[in-house]
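In what follows, every heavy atom counts, from backbone to side chain, and hydrogens, waters and symmetry copies are set aside. Sequence lines set the chain letters: A, B, ... in the order given, protein chains first and strands last, and positions in each chain run from 1.
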Protein chains: 2
Amino acid sequence: MDRVSVFNQYLRTQGLKSTRQRMIILETFLDSKSHYSTEELYQLLRKDHPRIGYATVHRTLKLFAECGIAIELNFGDGQTRFEPHYTEHHHDHLVCTRCGKIIEFVEPRIEHLQREVAERYDFTVDSHRHELYGRCVRCSQDS
Amino acid sequence: MDRVSVFNQYLRTQGLKSTRQRMIILETFLDSKSHYSTEELYQLLRKDHPRIGYATVHRTLKLFAECGIAIELNFGDGQTRFEPHYTEHHHDHLVCTRCGKIIEFVEPRIEHLQREVAERYDFTVDSHRHELYGRCVRCSQDS
DNA sequence: CTCAGTTTGAAATTGAGTTTCAAAACTATG
DNA sequence: CATAGTTTTGAAACTCAATTTCAAACTGAG
């Protein structure tokens, strides 16, 4: 089931309404490859849809996270970022602390070890966060 | 070199002063086993040292992080937490999203794979964050 | 179409984190 | 030990992302 359907079904089951704004925000969000903060997505939307308010963008992103089609990320810069959730291939992040570049990586062996650790403590894992901070190639060359 | 010495040396090299408040906060912080937020440590300190202000606790915790004797943690509850940094055995966290319990774990094989991933992207890693969220034994039994 | 319930967006509020500033404390020097 | 020159402290103010408020606009079941 695609993410648009997941979202619409979530709205229905929660007794919420499908609105023009929500659909526009969903579309823009899914098209975005970047890791947008609420503010950034709001600025992007403003270009084509200047009447959509910040509060609506914020509330809609929370809905995306609630129904599982988005993941909330926190890279320690004081802004929550969102990315479309890909159940197919889960990935984690390399974050350059100098230029802000974000590289996604996939490492199934780490995922496997995580499950092993959780089992060790009889812990039921729902989600995880795994980020490596440092310098990307470009930034480790200069300075 | 112990963490008290590291801190004092850091103060000296930065031209900062060793004060009664900083020493009290350091002592209390190092004694704490928990993962305190600024607010929580401030409340704890207030019991024995009601005249130490919130701003001082905050500034001192930042100093701890700067000189490497503390690590800033962010579990997504909107509060930054600090824990004494153990260079000896690095560890990551299992966070129970129901009762808030935090379990520390060590898994050198994950650390090793991280280095491998970083190399893959010519990325120089300074630090990382790795947290598994879910239910601890106790909380997965009830409800 | 109608109407109750929901959503919207501008503005206000919240709260963690940070900064300000005058008074207090610290350290090196006389 | 006294003094001068910095730094620190703590209360209060400020910042800024996140969240809430509320009247007007919208949605969708009937």
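- Defining each end axis of the helix from dC1(C)-dG30(D) to dG30(C)-dC1(D) as the rotation carrying four pairs' C1' atoms onto the next four, with five pairs an end, the two axes are found to diverge by 30° to 10 degrees.
- Taking only side-chain nitrogens and oxygens, Tyr54(A) never comes nearer than 4.0 Å to OP1 or OP2 of dA17(D).
- For dA11(D), neither phosphate oxygen OP1 nor OP2 lies less than 4.0 angstrom from any side-chain nitrogen or oxygen of Arg51(B).
- Across Tyr133(B) and Asn74(B), no two heavy atoms sit closer than the pair OH-O, 3.9 Å.
- At a cut-off of 3.5 angstrom, counting only N and O atoms as typed in the model, there is a donor on one side and an acceptor on the other between the side-chain of Arg59(A) and the base of dG9(C).
- Hydrophobic clustering, with ILVMFWY side chains joined whenever heavy atoms are under 4.5 angstrom apart, keeps Val125(B) apart from Ile102(A).
- Atom pair Leu45(A):CG and dG9(C):C1' shows a separation of 14 Å (rounding to whole Å applied).
- Other residues, nucleotides and ligands contribute over 12 non-hydrogen atoms within 6.0 Å of the NE2 atom of His49(A).
- The shortest distance between the side-chain N/O atoms of Gln21(B) and the OP1/OP2 oxygens of dG10(D) is below 4.0 Å.
- What separates CZ of Arg81(A) from P of dA17(D) is a distance of 11 Å, to the nearest Å.
- Between His49(B) atom NE2 and dT9(D) atom P there is a gap of 14 Å when expressed in whole angstrom units.
- Atom CG of Leu16(A) is separated from atom C1' of dA29(D) by 16 Å (rounded to the nearest Å).
- Comparing Arg20(B) and Gly15(B), the nucleotide of DNA chain D nearest to each residue sits closer to the 5' end for Gly15(B).
- If you measure from atom CD1 of Ile52(B) to atom P of dA11(D), you get 11 Å, rounded to the nearest angstrom.
- Between dG17(C) and His58(B), no contact under 4.0 Å exists linking OP1 or OP2 to a side-chain N or O.
- Within 4.0 Å (heavy atoms only), Ser37(A) reaches no atom of the nucleic acid at all.
- Ser18(A) comes within contact range of the sugar-phosphate backbone alone, with a heavy-atom separation under 4.0 Å but no base atom that close.
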- Task: Begin from the C-alpha positions of Leu61(B) and Glu72(B) and carry the test side chain to side chain contact (heavy atoms under 4.5 Å, CB included) through to its verdict.
- Result: CA-CA 9 Å; Leu61(B) 284 171; Glu72(B) 290 188 42; over 6 Å; no

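- For the pair Gln43(B) CD and dA16(C) C1', the interatomic distance rounds to 14 Å; values are reported in whole Å.
- For dA16(C), neither phosphate oxygen OP1 nor OP2 lies less than 4.0 angstrom from any side-chain nitrogen or oxygen of Thr38(B).
- Thr56(A) comes within 4.0 angstrom of a base, heavy atoms only.
- Side-chain nitrogen and oxygen atoms of Lys17(A) include none within less than 4.0 Å of the OP1 or OP2 phosphate oxygen of dG5(C).
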